[in-house]
Amino acid sequence: MTEIHTLPEMEGPVCPLPLPHNEQIVMGHGSGGLMTRDLINKVFAPFLSNPVLDAGNDFGLLPPSQISNPRLVVSTDSHIVTPLFFPGGDIGRLSVCGTVNDISMSGAAPAGLTAGFILEEGLAIQVLQKVVASMQVAAKEAGVFIAAGDTKVVNKGQGDGIYINTAGFGWLPGSRSIHGANAQPGDAVIISGSMGDHGIAVLSARGELGFSTSLESDVAPLNGLIAQVLAAVPEIHALRDPTRGGLATTLNEIAGQSQVSIWLDESAIPVKSVVRNACEILGFDPLYVANEGKVIVILPAQYAEKALEIMRNHKYGREAAIIGKIEKDEPGAVLLRTSYGSTRILDMLAGEMLPRIC
Amino acid sequence: MDFTSSFRDPKIVANLIQKIKKTITRPWVIMEICGGQTHAIMHYGLDQLLPPEIELVHGPGCPVCVTSLELVDKALAIAAHPDVIFTSYGDMLRVPGSKDDLFNLRARGASIQVVYSPLDAVQIAQANPDRQVVFFAIGFETTAPANLAALAQARALNLDNFTLLVSHVCVPPAMHAILGSPNNRVQGFLAAGHVCAVMGFWEYHPIAELYKIPITVTGFEPVDLLNGILLTLQALEKGEAAVQNAYPRVVTEHGNIHAQQLISTYFEPCDRNWRGIGMIPMSGWALRPEFSRFDAEKRFKVEHIQTHESEICISGQILQGIKKPNQCPAFGTICTPQNPLGATMVSSEGACAAYYRYARK
C-alpha cells in the first residue's frame, strides 16, 4: 500500500496501478500465474522448503527407500475443521497429523506428504501463514517433508476459510502385516490415552455450547510412539486411530473386518472428567467423540504389558491402558462390560452426532 | 471429581439389586414413563441385573417419538419457505415425515439450524430481522418453561419474526390413556423425574387412587432408577397404591411454581395427536389465542396437511408398553437408526433406538 501513496501525482487519465494483494487472498492467487508464484514464494516456501519441493516441478521426485524389500503405503485425508484454530491445535497441524497417523497405522514409517489448499477469497494471508507455519512444526515433529503442493481459490462464501487435503506416503518393511482384518481371538486391546478430547475441545472452541472448557485437542503425530512400540513388539496385529466416530465406531470397523468380537471393560477406558461432564450435558457418549492423537493397539495378550510400558513412557501415551480383548464368538460385535457387570452393545455411530433434548 | 459418581456407584447399585431381589415374590410389570429413563436402563444394562420377575416396559415419554406426523409434516412445509430459518433440537431433523425429513430438506437448501437452547433461536431471530425464525417447540412439561422463556424474551425484544411450532404434550393424560386401555399390562409407574421437577407430583395422587397403582417419581442415574424400582416394588408387594418420591434432591410435591406460572401465562390445554397412539383429549398445550402471532401454524397457514404413516411400524404399541421393540418384525432389519420407519428408532430416547444400540438381541 505504501508504494502507491509515494507515487507522484499525475494529471489526466492514467492506467490505474493494481493494488498489491498481500493482505488477503484474492481469486488471482489461485490462477497459477504470477500471483500464485508470489504466494508460494512468500507464504509456503519459507516454511515448507525442502529439496524436492524447491525443485519447482509439478511433481515431487522421491528419494528411494532405505529399507529392504519396501512396500509403498499411501493415504489421503481432507480437513475442514471450524474453527481453524482451536485449543491444542489448528487445521495445519491437523492436516499433517491426520495423514501421518493414517500411514502409521499400517506400521509404515511416514516419509512425506502432499498438500492441496482450497482457500476462500478474502482469507487473511496472515492466517494462512500461521496455518502453514503450524504445518511446518508438525511435519518437523513427525519427520516428514512436503513433497508437492497445490493451491486453488474459491469465491467468498464457497469455503470455510481454508480446506486442506494432504496425501501421504511411507515405506513398509515387506515382512510386516498390520491391518484391520488381523485382530485375533486372544488379543488384547490397548488405547494410548483419554477418549474424546479433540471433539469436545473443537466443539467448545466454537462457542456454541454455552460453556467453555480448558480442554485441549490431542492432535499429534503418532509415528514416533508407534515406531517405538513396534521396535519392541513387532507382533502387533492391528493399529488404528479412533478419529471420527470415536473409539466405538473404529472398533466396530475392526470387529467387522476381522470377524471377531471386541469386549471392552468400561471402567478401564480413560476419559477425562471434563470430557465426561461435557458429554453428560450434551447427551454425547465420549466413546463416539473424535480423537486426533490416539491409537488403538491390538496385539497378542502376552505382549500387552510390554507394549503398555513403552507407550506410557512416550509423551503421547502417558495414559495408555489395556481396555479389552478379542473373542471369537459373536463376530462383528463390540460389547462393553459395565462396572455393574452388565453388558451393552457399542454400535457404530449412525449419521450425525446429535445432542439429545431433555 | 465426577458430579454423578455417587449415583453410579457399583457398590450402591449392587446393594439395591440385592434389596430388590429380597423384596420380590412374584412377577410385576413396571413402566418407566420417560425415554431418558429407558435410555439409562439400557445404557447401564440395569435390566440385566434385575430379577427376571420384574418386567420393565417402556413408556411414551420421548417427545421426539410422540410428536405427531402431522406436526412433522407441518415443520417440513414451514422450513421449505425461502424466507424461513427453521430451528430445532437436533433429534427432530431425522424424524421421518410422510415423505421427507428435515435433514433431506436442509441438504436441498432449506435454512434449518440445530440449536442447543431455544434462546439460541431468539438470537438468530435478532440477527436476521429480514427472515422468519421458527423454533420447533417439542417436549413434555420439562422443556415447556425453557421454550416459553425464549418466547418471553422474543416479546421483550419486540421481535415480530420469531414464532413457535408448538407440539407440547403432558404426562398425566398419557398415563390415563395407558391405564384405561383394555390392553394395559402396567402395574406400577416410574414417573419422569424431570417432568416432576417442573410440575411436582400432586397430579399423580388421583391417578394412583383411580387405577389402584403405585407411582414413584424417579431420576435418571442407576442409583435413582433402582431406588425408584425398589420403592415401586415395595408398594406393589404390599398392595399399596402409593405416590412416592425417589428423586427428592430435584423434585418437590408442588414443583417449580415460577415455571408453572410461565406455562399458564402462555399455554392452554388442547387435544393432541400422539404419533403411533392417536388423539388423547386435553393431552397437550397450545399457545393461548392472545399469543397467536407467535404461533407458526397460524402464521404459515399449514393447518391442512395430508399425512401418510408407515404401515409396518408398531411404535404406537411400543409407546403404550404393549409390545417391546424386538417384537417388531421390522426391528433391526428394515428399520434401523440409519433408516428409521418410526420416530422411536430415531431419538436417542426412543425405545427402539435404545434397544438397537445396546441390546440388539
Side-chain angles (χ1 to χ4, degrees), chain A residues 194 203-204 206-211 245 248-249 252 255 261 263-268 270-288 329-358, chain B residues 1-5 8-10 13-14 17 34-36 39 42-49 61-64 88-94 103 114-117 119-120 138-140 142-143 146 192 194-195 222 226 336-340 345-349 353 355-361:
Chain A
S194 58
L203 263 184
S204 169
R206 280 184 197 169
E208 291 170 3
L209 301 185
F211 58 87
T249 303
N252 267 281
S261 58
W263 289 78
L264 300 179
D265 176 1
E266 184 171 39
S267 56
V271 180
K272 290 192 170 84
S273 63
V274 54
V275 171
R276 194 180 295 285
N277 290 344
C279 285
E280 287 288 337
I281 292 167
L282 298 168
F284 294 157
D285 184 334
L287 304 188
Y288 290 86
D329 55 337
E330 305 193 50
V334 180
L335 298 133
L336 186 85
R337 189 87 71 192
T338 71
S339 41
Y340 312 117
S342 56
T343 306
R344 74 169 188 263
I345 292 175
L346 270 189
D347 200 10
M348 284 199 141
L349 180 66
E352 196 174 329
M353 193 163 64
L354 299 168
R356 65 161 186 257
I357 75 148
C358 67
Chain B
M1 133 143 197
D2 196 330
F3 65 88
T4 47
S5 56
R8 292 178 187 172
D9 187 320
V13 165
I17 293 286
C34 174
H39 178 86
M42 304 305 290
H43 183 86
Y44 298 106
L46 300 181
D47 53 329
Q48 300 163 36
L49 308 175
C62 164
V64 174
S88 169
Y89 297 126
D91 270 9
M92 286 311 292
L93 268 61
R94 288 203 292 137
F103 259 131
V114 171
V115 292
Y116 292 89
S117 155
L119 293 172
D120 295 345
I138 69 160
F140 280 84
T142 325
T143 52
H194 291 160
V195 168
L226 293 174
T336 63
Q338 295 98 296
N339 183 23
M345 189 54 104
V346 172
S347 168
S348 59
E349 295 179 20
Y355 265 64
Y356 188 88
R357 276 184 68 178
Y358 300 131
R360 211 158 310 158
K361 283 176 237 168

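Letters A, B, ... mirror the listed sequences (proteins, then strands); counts begin at 1.
- Closest of all the heavy-atom pairs between A:Gly341 and B:Leu49 is C-CD2, 4.4 Å.
- For A:Thr249, the side-chain contact (heavy atoms from CB on, under 4.5 Å) partners at least two apart in sequence or on another chain are A:Glu253, A:Tyr288, A:Met348, A:Leu349.
- Annotation for A:Ser342 and B:Gly45: closest pair CB-O, 3.2 Å, computed over non-hydrogen atoms.
- Evaluation of the salt bridge (Lys or Arg N to Asp or Glu O under 4.0 Å) test over residues 333-345 of chain A, restricted to residues two or more places apart or in two chains, returns A:Glu266-A:Arg344, A:Asp285-A:Arg344.
- Only the side chain of A:Thr338 comes within contact range of chain B, with at least one heavy atom under 4.5 Å from a heavy atom of that chain.
- Between atom CE of residue B:Met42 and atom CD1 of residue A:Ile345 there is a gap of 8.5 Å, rounded to the nearest 0.5 Å.
- In terms of heavy atoms, B:Pro10 sits closest to A:Ser339 at CB-O, 3.6 Å.
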